[in-house]
Colleague: 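Got a structure for you, written out below as structure tokens; questions coming shortly.
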Amino acid sequence: MTAATLTRTEETPAEASPGGRIGPLVYPAALPALAMLIAGAIGLTRPALGWDEHATWSAAARTPGEILELARTMDGVIAPYYLFVHVWTGVFGDSVAAIRAPSLIAVVLGAGLVGELGRRLFTPGVGLTAGLIVAAVPQLSRYAQEARAYGMAFFFAVLATLLLHVALGRPTWLRWIAYGIALTLLGYTHLMGLLVLSGHVVAVLLRRDRRVLIRWAAMVTATLLLVSPLVRLGLAQRGTQLEWIPPMDLHQVLIAPGVIFGAPVAGLLVVGLALTARWARPRVLGELAALAALPPALLIAVSFVTSPLWVPRYVLVVVVPLALLAAVALRGLPGRTVVALVMVVAVGFESQQVVRGPAAHGGMDFRRAAAIVRAGQQPGDGVVYGRIGTWSLRAGLDYELRHGPKPTDLLLRRTAADAGALEAVECPELTCFDAQRVWYVGARHPGDPMADAGDALRAKFEAEYRRTGYWLLPLGTIALYQRRTG
């Protein structure tokens with residue numbers, strides 16, 4: 001192969017070259033997918049299910065009718081995901097590995113699609129490098145290992161972006177319909193994923209083709225009509241669904257790149273490389289830059305103007321255009337490419353360890369908490385829960401003890417499924433129990449590990465019980481009380 005041929009291969013988009021060997025068509029997608037599979041599978045079950053994952057398990061364990069009833073009051077926009085996990089766990093079970101498997105599969109496929117997108121827009125080498133960068137990003141491993149909708153939203157966002165460029169290259173109605181289907185699935189997976197449209201519209205407008213614009217607008221309109229029931233639910237539940245998001249401030253803006261990547265130095269490294277990208281067709285770079293910048297910019301702007309909406313994982317897809325731009329900057333420089341990939345892996349290694357910690361998914365280490373209760377419980381034992389995140393505390397212990405005996409839930413009056421909510425209905429006085437032995441499971445607060453019990457429970461424990469066991473976890477408190485005699 002001549003030097004001229006090598007140069008031409010580097011500068012010509014792969015989709016423009018007819019024929020060719022099968023290797024360059026396959027490895028840009030296959031190798032990143034394999035790398036992501038390895039990264040995502042390592043430590044997949046090490047973290048216990050976290051706060052939000054308990055919501056997934058609690059909802060998915062219900063009947064479809066109960067899931068739809070829950071959607072009327074809470075998590076309406078995630079109801080399609082809950083229905084999917086309900087079917088999935090009905091087939092594959094609800095072990096930690098099984099309930100997280102859809103996210104892992106989705107992110108693995110998404111990483112492969114990044115390679116294919118890079119191959120189509122640039123060269124096989126660019127696609128391969130971009131896909132490997134994505135596979136090395138700690139935040140992708142994090143959401144490949146979480147039983148929530150973010151991994152699937154990442155996949156559908158990348159798929160929609162790929163199908164958009166397929167349709168732009170040869171704008172047939174069949175290709176536009178495929179793009180519209182991917183967009184609709186993205187909206188039903190996670191509404192915030194539709195922020196990719198802010199980048200897509202730039203790619204469409206830069207074509208300056210009226211027919212392309214009309215067909216794109218038709219697909220977007222159809223998508224918005226199809227997901228409009230979720231939009232209405234989301235707007236109605238916004239006050240209760242998103243009240244936990246902190247107010248937007250300049251600090252969150254400044255740290256956004258590092259938080260999105262899950263490792264500040266890795267994020268800055270990729271962004272820095274992306275800013276140096278050069279290509280013979282600068283329009284493509286502009287389209288990717290828009291997809292990288294506009295979704296987070298819009299979410300941040302709305303959060304400043306209205307109530308807070310900024311959650312970095314909502315715009316996880318921006319890792320993709322940044323990785324592609326960074327890969328373009330490294331094209332034709334194999335030595336520097338290897339060094340850059342090694343650096344991304346190295347500077348993200350600590351974060352990779354953190355996201356695989358026992359309690360990395362939020363809340364206490366529920367697996368350890370359940371082990372403590374399992375080892376010490378006796379027939380007739382009861383359990384009560386702290387006041388913050390009670391629904392997750394209850395679901396967490398129920399999940400970990402689902403295959404064996406567990407203490408009686410002393411305050412429970414109606415299960416969350418019967419109540420059509422995430423929270424169960426408890427005895428309003430919180431003192432309506434007289435069991436001989438009572439376990440307490442609550443969140444741990446700095447300075448006072450028992451603060452989450454609340455005044456009523458603490459007063460009853462102090463007056464009627466003596467504490468016979470006490471375990472302090474990083475974010476949780478476990479205590480065992482024995483009724484006083486005499």
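One-based numbering along the sequence shown.
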Colleague: Does A59 offer a backbone N or O that forms a donor-acceptor pair with the side chain of H86 under 3.5 Å?
Modeller: no
Colleague: Residues in ring pair (Phe, Tyr, Trp, His ring centres under 6.0 Å) with Y399, at least two apart?
Modeller: W57
Colleague: Is a donor on one side and an acceptor on the other found under 3.5 Å between the side chain of Q145 and the backbone of I42?
Modeller: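 Side chain of Q145 to backbone of I42, a donor-acceptor pair under 3.5 Å: yes, one is there.
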Colleague: Is any side-chain heavy atom of F155 closer than 4.5 Å to a side-chain heavy atom of V107?
Modeller: no
Colleague: Work out which heavy atom in A153 is nearest to a heavy atom in T189; give both atom names and the distance.
Modeller: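 A153 and T189 have their closest heavy atoms at N-CG2, 3.5 Å.
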Colleague: Between Q378 and D381, is the side chain to side chain contact (heavy atoms under 4.5 Å, CB included) condition met? List the steps.
Modeller: CA-CA 6 Å; Q378 297 177 8; D381 281 4; 3.9 Å; yes
Colleague: Would you call R483 and D434 a salt bridge, using N to O less than 4.0 angstrom?
Modeller: no
Colleague: Taking only residues at least two apart or on different chains, which pairs with a member in residues 90-102 satisfy salt bridge (charged side-chain N to carboxylate O under 4.0 Å, His left out)?
Modeller: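 Sorted result for residues 90-102: E53-R100, D94-R402.
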Colleague: Does the D75 side chain pair with the main chain of I78, one donor and one acceptor, at a distance under 3.5 Å?
Modeller: no
Colleague: Would a distance-only check, ignoring hydrogens and angles, find a side-chain to backbone donor-acceptor pair under 3.5 Å from D249 to Q252?
Modeller: yes
Colleague: At what distance, to the nearest 0.5 angstrom, does CZ of R444 lie from CG of L475?
Modeller: 8.5 Å
Colleague: Check step by step if side chain to side chain contact (heavy atoms under 4.5 Å, CB included) holds for L393 and W51.
Modeller: CA-CA 8 Å; L393 295 169; W51 291 104; 4.2 Å; yes
Colleague: Identify whether the distance between the nearest side-chain nitrogen and carboxylate oxygen of R387 and E426 falls below 4.0 Å.
Modeller: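 Yes, this pair counts.
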Colleague: Between W310 (side chain) and I245 (backbone), is there a donor-acceptor pair under 3.5 Å?
Modeller: no
Colleague: Do L132 and T337 come within less than 4.5 Å of each other through their side chains, counting heavy atoms only?
Modeller: no
Colleague: If you round to the nearest 0.5 Å, how far is CZ of R374 from CD1 of I372?
Modeller: 11.0 Å
Colleague: State, yes or no, whether a side-chain contact exists between R142 and S351 at a heavy-atom distance under 4.5 Å.
Modeller: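 Heavy-atom side-chain distance check fails, nothing below 4.5 Å.
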Colleague: How many angstroms lie between CG in L113 and CG in L162, if you round to the nearest 0.5 Å?
Modeller: 6.0 Å
Colleague: Using a 3.5 Å distance criterion without hydrogens, assess whether the side chain of H54 forms a donor-acceptor pair with backbone atoms of L49.
Modeller: yes
Colleague: How close do V108 and A33 get, counting heavy atoms only, and between which atoms?
Modeller: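 Where V108 meets A33 most closely, the heavy atoms are CG1-O, 3.4 Å.
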Colleague: So for atom CD, which belongs to E350, do other residues, nucleotides or ligands contribute more than 12 heavy atoms lying within a distance under 6.0 Å?
Modeller: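 Check fails, neighbour count at 12 or below.
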Colleague: Any side-chain heavy atom of W391 within less than 4.5 Å of one from S58?
Modeller: no
Colleague: Do the ring planes of Y465 and F433 sit parallel (below 30°), tilted (30 to 60°) or perpendicular (above 60°)?
Modeller: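 Correct class here is tilted.
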Colleague: Does the Q139 side chain pair with the main chain of P312, one donor and one acceptor, at a distance under 3.5 Å?
Modeller: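 No; zero donor-acceptor contacts below 3.5 Å.
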Colleague: Heavy atoms only: give me the nearest L68-L83 pair and the separation to one decimal.
Modeller: CD2-CD1, 4.2 Å
Colleague: Does some side-chain heavy atom of P358 sit less than 4.5 Å from a side-chain heavy atom of R368?
Modeller: no
Colleague: Going by distance alone, is a donor N or O of one side chain under 3.5 Å from an acceptor N or O of the other, for R148 and S103?
Modeller: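 No, because no side-chain N or O of R148 sits under 3.5 Å from a partner of the opposite role on S103.
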Colleague: Between V220 and L197, does the side chain to side chain contact (heavy atoms under 4.5 Å, CB included) criterion hold? Intermediate values first, please.
Modeller: CA-CA 8 Å; V220 172; L197 289 172; 3.8 Å; yes
Colleague: Could you state the interatomic distance from CG (L194) to CG (L224), rounded to the nearest 0.5 Å?
Modeller: 7.0 Å
Colleague: Does any part of the side chain of W439, heavy atoms only, come nearer than 4.5 Å to the side chain of L397, both counted from C-beta?
Modeller: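 No, every pair of side-chain atoms sits at 4.5 Å or beyond.
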Colleague: Ignoring hydrogens and geometry, is there a side-chain-to-backbone donor-acceptor pair from Y481 to E464 under 3.5 Å?
Modeller: no
Colleague: So, the side chain of K406 versus the backbone of L401: is there a donor-acceptor pair under 3.5 Å, distance only?
Modeller: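 The answer is no, because no donor-acceptor pair under 3.5 Å joins these two groups.
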Colleague: What closest approach, in Å, do G110 and V158 show between heavy atoms, and which atom pair accounts for it?
Modeller: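 So the two residues come closest at O-CG1, 3.9 Å.
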Colleague: When rounded to the nearest 0.5 angstrom, what is the spacing between CZ in R46 and CZ in R367?
Modeller: 10.0 Å
Colleague: Where is the tightest heavy-atom contact between P80 and L230, given as atom of each residue plus distance?
Modeller: CG-CD1, 4.0 Å
Colleague: Carefully, step by step, assess T477 and D452 under the rule side chain to side chain contact (heavy atoms under 4.5 Å, CB included).
Modeller: CA-CA 9 Å; T477 299; D452 192 37; over 6 Å; no
Colleague: Indicate yes or no: at least one non-hydrogen side-chain atom of L411 is less than 4.5 angstrom from one of Y385.
Modeller: no
Colleague: Donor-acceptor check, side chain of Y440 to backbone of A453, threshold 3.5 angstrom: yes or no?
Modeller: yes
Colleague: Got a second to check how far L273's CG is from M343's CE, nearest 0.5 Å?
Modeller: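 Between atom CG of L273 and atom CE of M343 there are 8.5 Å.
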Colleague: What heavy-atom pair brings M450 and A479 nearest, and what distance separates the two atoms?
Modeller: SD-CB, 4.4 Å
Colleague: Tell me whether the rings of Y314 and H190 are parallel (<30°), tilted (30 to 60°) or perpendicular (>60°).
Modeller: tilted
Colleague: Given side chains that start at C-beta, do those of L185 and M152 come closer than 4.5 Å, heavy atoms only?
Modeller: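 No - every pair of side-chain heavy atoms lies 4.5 Å or more apart.
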Colleague: Taking atom CZ as the centre, does F349 end up with more than 12 heavy-atom neighbours from other residues, nucleotides or ligands that are less than 6.0 angstrom away?
Modeller: no
